[in-house]
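First listed ligand is number 1; within each ligand, the first listed atom is number 1.
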Amino acid sequence: MVVKTKILAVPPDGSGGDAAYREAARLLQKGELVAFPSETVYGLGGDACRLEAVEAIFRVKGRPSDNPLIVHVASADQALEFGVALDSRFTKLADTFWPGPLTLVLPLKASCQAITGKGLGTIALRVPGHPVALRLIRESGLALAAPSANLSGKPSPTTAQHVAQDLTDRVALILDGGPCRVGIESTVLDLSTSRSQILRPGSIDASSLAKMLGEPVELAKSEAVKLKSPGTRYQHYQPNAAVWILPEEMGPVLWSSFQKCIEQSGLRWGYAGMRHLSNPDVPRVTLQNTEESYAEGFYRALRWLDDRQVQVILIDSPPASSAALWDRLSRAAQAKASDIQTLKDLIAQKK
Ligand code: TXA
Ligand code: MG
């Protein structure tokens, strides 16, 4: 169904905007979709217990039908209406990290009405750490199924304008609460068995989780992830341009000849990172080399450079220690260039 999309701005601290929240809550209660800011990325929200809303989310995003959705709730108590806490891990983690960028996968409760788990027998739950998202959940009185509010496969949206680029006339309302603070999606942690496993890395890392639990937390092996969290096997986060990761060990001399080489190739290129550019006309976005700052700017950088219609995005490596950023970047990149010859080969293949 084609709808006319409204964008309503609300203060990021969750104050004011009464009419906008009322309208958003009314639409959600009617089974329609509302995009809203979270601290990670914008979400495309719909009533998690209503078939037509959940189906609309899949249709609007062009999302593969076996990729389950995260259910957003306002409290740990509300989460326990949907999932079963097997032991004390749930309460420990919810007390420490909620509201925040952590999604917990629990066994589905027998009475659970949500229809987002795609037959997995589990449910992914999160209390978002954004006042606008929390107020929207509370005012709607619902639990909100919400994937990232982008077309499937594209970089996730971290501003309302990004959402509008992908979903104008596919969603009834976008609540604009400003840019997202974290910039990459939540950590997904499986608590549905006695082994705590990360299915998708995020800004809350394995060591913080392990420290809190007082037991090991591992990053699930890719085969296990494919079974438990089917969504991770699909293409993700890819801009239209090809993305090439610049290795950290590439020094200024090699970087300089690298730029000459790509200039000679005739390809339109853009750059995201901290290096000096010989040609001031090349579109560039600064991406700082700390985990928080890189994550905050990452999807925005990919989308901004795509808007400049470049064919190739050269991007600095994120900090080596960030499993989450390497996960997102390696999915966004089609190939990794480690030297000029590789880059030339890749460019030749692209032509
Ligand atoms: O930060 C986030 O998590 C954002 C904001 C909007 O909350 N949402 C988000 O949703 O990233 P989405 O749909 O793009 O990613 C959901 C991830 C997928 O990797 C999916 O496979 C996993 O969560 N997931 C959902 N339900 C699951 C389940 N029952 N078991 C395992 N993984 C699940
Ligand atoms: Mg997504």
Salt bridge between R328 and E185, side-chain N to carboxylate O under 4.0 Å?
yes
For L69, atoms of ligand 1 separated by under 4.0 Å from a heavy atom:
25 (C), 26 (N)
Would S186 count as being in polar contact with ligand 1, using the rule that some N or O on each side must be under 3.5 angstrom apart?
yes
Is the backbone of H236 close enough, under 3.5 Å, to the side chain of R331 for a donor and an acceptor to pair up by distance?
no
Subset of ligand 1 atoms that lie under 4.0 Å from at least one heavy atom of T122
28 (C), 29 (N), 30 (N)
Below 3.5 angstrom, do we get any N/O pair linking Y42 and ligand 1?
no
May I ask you to decide if P107's main-chain N or O and T122's side chain share a donor-acceptor pair within less than 3.5 Å?
no
Look at the side chain of Q197 and the backbone N and O of A220, then say whether any donor-acceptor pair between them is shorter than 3.5 Å.
no
Can you find an N or O of K61 that's nearer than 3.5 Å to an N or O of ligand 1?
no
Any salt bridge between D169 and K4, counting N to O under 4.0 Å?
yes
Within-shell test, A146 vs ligand 1, heavy atom, strictly < 4.0 Å
yes
Quick check: does any side chain N or O of R308 sit under 3.5 Å from a backbone N or O of V282, one acting as donor and the other as acceptor?
no
Distance alone, cut at 3.5 Å: any donor-acceptor contact between the side chains of S196 and R89?
yes
With distance as the sole criterion, is a donor-acceptor pair present between the side chains of R126 and S38 under 3.5 Å?
yes
Could you tell me whether the Mg ion (ligand 2) has an N, O or S atom of S148 under 2.8 Å away?
yes
Would you say Q259's side chain and S278's backbone share a donor-acceptor pair under 3.5 angstrom?
yes
Near H72, which atoms of ligand 1 are under 4.0 Å from a heavy atom of that residue?
5 (C), 6 (C), 7 (O)
Logged contact type for L199 with ligand 1, heavy-atom cut-off 4.0 Å, is side chain
May I ask you to list the atoms of ligand 1 that are less than 4.0 angstrom from any heavy atom of A124?
25 (C), 26 (N), 27 (C), 29 (N)
Atom indices of ligand 1, in the order listed, that fall short of 4.0 Å to a heavy atom of V105
30 (N), 31 (C)
Geometric N/O contact E185 with ligand 1, under 3.5 angstrom:
no
Between K61 (side chain) and L167 (backbone), is there a donor-acceptor pair under 3.5 Å?
no
Between T40 and ligand 1, find which residue part has any heavy-atom pair under 4.0 Å and reply side chain, backbone, both or neither.
side chain
As an exercise, identify every atom of ligand 1 less than 4.0 angstrom from a heavy atom of S148.
8 (N), 9 (C), 10 (O), 12 (P), 14 (O)
Nearest non-hydrogen contact with atom 18 (C) of ligand 1 belongs to which option: N67, V188, N150?
N67
